[in-house]
Amino acid sequence: MLELLPTPPTDPLWDLTYEFGGDERPERLNLVLGVYRDQSGATPVMAAVREAEIRLARRSESKEYRGLSGNTAFNSSLLDLVLGPDGPAERAAAVQTVAGSGALRLLADLVFRTRPGATVWISDPAYVNHRPILEAAGLTVRTYGWRDAEGGFDTAGVLRELADAGRDDVVLLQGCCHNPSGVDPLLDDWEALAESALRGGWVPFVDLAYHGLGDGLEADLLATRMLASRVPEMLIAVSCSKNFGLYSDRVGCAIVVGSSAKAVRHAETALQNAARTLYSMPPEHGAAVVTTILQDQGLRASWRAELDVMRGRIMANRADLTAHLGNLGCAEQARSLARQKGMFSMLPLTANQMLRLRRQYAIYGTTSGRINIAGIPAHRIPCLARGIAAVLDTAEAPRPRELA
């Protein structure tokens, strides 16, 4: 049987990570994976997470099965966090998942079960795992542009392309801190997207993975909450990997917002059934940590404060890189970077220029030009800027959608 298996494609991000692991140059810099790193290069355990884990260990609760929806207190806490106190909780349901990727897959399965002929629209560029997850669920994927020629959000272009989305279609939107571009719509743009959904009948599918790391937690949730209040149906995939630092604990949530409580109950059961066939039920520890934090006023305040510190470091790194690039004569590129938000930015470099950056300067980013702003030690920013400026001196000109 195994002899008949064709050579499968490998994951490009992990390929680069493994290559970095074998690079013996002491100046090497890994900006590939989307993890927050402090000034020392470590990915710390947040203070609120550590305290929550201590409390959970002291209680030593049972390891008994939780059920197909996972930790129901976690689900309620995430619904309250994401939709807000005035959100449509009466027509929403949540199921705990194996991180954000698990939420994307469960919701993709739900789309396939309810709308097997649906096309799911994703942005170009998109998170590297969006297309594989959706296609693995059997869905047809189509792309729409995201940025204009200057590297900003292409409001008119996005609305024009999504006018072709049908009533059975689903449009995947990243709620904030767009991965990989760092380019977000303004609130007026989100309002226009809501009007497009209402007019065209397509269902918004929001991937919410970086809330708290862009403009602040409440500000980063505004677009998602507005959509939930405006449209009759909506899907939301939530990750706790980045803003709680629970990367390896795999904590996430799939949220459905429906036109009625009955429809939502049916969708919740369908998600439970999908989870049963994939992994039965999600792991408990990380969800218990998040629940402990969100339900305790002191821990919640501590978490919010540390999240703001992380956001501040990301913003400072981006501002510092922008300033250094400007000083090196890369003013246009610096202006584009300055407008971006969140953990990631896309450099205006071709795949060959990114290869040169890796081979000659030991700086690792993706072939599309994405780098993890949150992973740069501050003292390495001048070196990074010099490497970018050097490869920009090549004759290659970036294509319009490579501008950022």
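Because the structure is predicted, anything quoted here is derived from the model rather than measured.
- Here CD of Glu233 is found 8.5 Å from OG of Ser260. Values are rounded to the nearest 0.5 Å.
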Test side-chain contact (heavy atoms from CB on, under 4.5 Å) applied to Trp202 and Ser196, step by step: CA-CA 8 Å; Trp202 52 262; Ser196 175; 3.3 Å; yes
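- The neighbour count for Arg55 CZ, taken as heavy atoms of other residues, nucleotides or ligands under 6.0 Å away, is above 12.
- Checked for salt-bridge contact, Arg113 and Asp109 miss the test: no charged N lies under 4.0 Å from a carboxylate O.
- Within the 4.5 Å cutoff, the side chain of Phe244 has heavy atoms near those of the Leu294 side chain.
- The backbone N or O of Val391 lies less than 3.5 Å from a partner atom in the side chain of Gln353, making a donor-acceptor pair.
- Of the possible polar contacts, one joining the Asn372 side chain to the Val35 backbone as a donor-acceptor pair under 3.5 Å is found.
- Without hydrogens or angle criteria, Thr97 side chain to Cys253 main chain gives a donor-acceptor distance under 3.5 Å.
- Here the side chains of Ser229 and Arg225 are not in contact, with every heavy-atom distance at 4.5 Å or above.
- For the residue pair Ile293 and Ala52, the shortest heavy atom distance occurs at CG1-CB, 4.0 Å.
- Minimum interatomic distance between Gly67 and Met281 (heavy atoms only, all atoms of both residues): O-CB, 3.3 Å.
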side-chain contact (heavy atoms from CB on, under 4.5 Å) evaluation trace for Leu16 with Asp11: CA-CA 9 Å; Leu16 285 170; Asp11 187 285; over 6 Å; no
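- Interatomic distance, Arg131 CZ to Arg142 CZ, rounded to the nearest 0.5 Å: 11.5 Å.
- Residues Met234 and Thr224 have side chains in contact (heavy-atom distance under 4.5 Å, counting atoms from C-beta outward).
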Audit row: Phe153, His178, side-chain contact (heavy atoms from CB on, under 4.5 Å) steps and yes/no: CA-CA 10 Å; Phe153 179 68; His178 185 273; over 6 Å; no
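- Ring geometry, Tyr127 versus His130: the interplanar angle exceeds 60°, so the pair is classed perpendicular (tilted spans 30 to 60°).
- Panel note: side chain Arg313, backbone Arg37; a donor-acceptor pair is recorded below 3.5 Å.
- Pairing each heavy atom of Val183 with each of Gly151, the nearest pair is CG2-O, 3.3 Å.
- Here the shortest heavy-atom pairing between Arg318 and Ser345 reads NH2-OG, 3.0 Å.
- You'll find the side chain of Gln333 reaches within 4.5 Å of the side chain of Leu392, heavy atoms only.
- Side chain of Arg300 to backbone of Gln295: no donor-acceptor contact under 3.5 angstrom is found.
- No side-chain heavy atom of Asp184 sits under 4.5 Å from any side-chain heavy atom of Gln174.
- Side-chain atoms of Asp169 never come within 3.5 Å of backbone atoms of Val120 as a donor-acceptor pair (strictly under, hydrogens ignored).
- Rounding to the nearest 0.5 angstrom, the gap separating the OG1 atom in Thr119 from the CG atom in Leu139 is 9.0 Å.
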CA sep, side-chain torsions, deciding dist, call: Asp168, Val203, side-chain contact (heavy atoms from CB on, under 4.5 Å): CA-CA 8 Å; Asp168 285 335; Val203 175; over 6 Å; no
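- Looking only at side-chain heavy atoms (C-beta outward), Ile363 and Asn30 stay at 4.5 Å or farther from each other.
- If you take CG on Leu337 and CD1 on Ile373, they are separated by 6.5 Å, rounding to the nearest 0.5 Å.
- Atom CE of Met315 has 12 or fewer neighbouring heavy atoms from other residues, nucleotides or ligands inside a 6.0 Å radius.
- Judged purely by atom type and a 3.5 angstrom limit, Thr43 uses its side chain to pair as donor or acceptor with the backbone of Tyr36.
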CA sep, side-chain torsions, deciding dist, call: Arg380, Glu27, salt bridge (charged side-chain N to carboxylate O under 4.0 Å, His left out): CA-CA 9 Å; Arg380 299 294 306 279; Glu27 71 275 20; over 6 Å; no
Intermediate values then yes/no, salt bridge (charged side-chain N to carboxylate O under 4.0 Å, His left out), Glu150 and Arg335: CA-CA 10 Å; Glu150 285 73 44; Arg335 283 193 297 271; over 6 Å; no
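- Considering every non-hydrogen atom in both Val32 and Leu13, the closest pair reads CG1-O, 3.6 Å.
- Note that Arg28 lies outside the cation-pi zone of Tyr364, set by a 6.0 Å cut-off to the ring centre and a 45° limit from the axis.
- Judged by distance alone, with hydrogens and angles left aside, the side-chain atoms of Gln96 form no donor-acceptor pair with the main-chain N or O of Ala287 at under 3.5 Å.
- Aromatic ring pairs are classed by plane angle as parallel below 30°, tilted from 30° to 60° and perpendicular above 60°; the pair Phe344 and Tyr210 is perpendicular.
- To the nearest 0.5 angstrom, Thr277 atom OG1 is 8.5 Å from Leu106 atom CG.
- Using modelled atom types, no side-chain atom of Asp207 and backbone atom of Leu104 make a donor-acceptor pair closer than 3.5 Å.
- Of the listed residues (Ile314, Leu307, Val309, Asp308), just one forms a side chain to side chain contact (heavy atoms under 4.5 Å, CB included) with Arg311, and that residue is Asp308.
- The shortest non-hydrogen separation linking Leu83 to Ala228 is CD2-CB, 3.8 Å.
- You'll find the side chain of Val238 reaches within 4.5 Å of the side chain of Ile236, heavy atoms only.
- Between Ile255 atom CD1 and Glu268 atom CD the span is 11.5 Å, to the nearest 0.5 Å.
- With 3.5 Å as the limit, one finds a donor-acceptor pair spanning the side chains of Asp38 and Ser40.
- Side-chain contact between Ser259 and Arg91 is absent, with no heavy atoms from C-beta onward closer than 4.5 Å.
- A donor-acceptor distance shorter than 3.5 angstrom exists from the side chain of Asp23 to the backbone of Arg25, with no hydrogens or angles considered.
- The number of heavy atoms from other shown groups lying within 6.0 Å of CZ (Arg359) does not exceed 12.
- Comment: Arg250 does not engage Glu284 in a salt bridge, judged by the lack of any side-chain N to carboxylate O separation of less than 4.0 angstrom.
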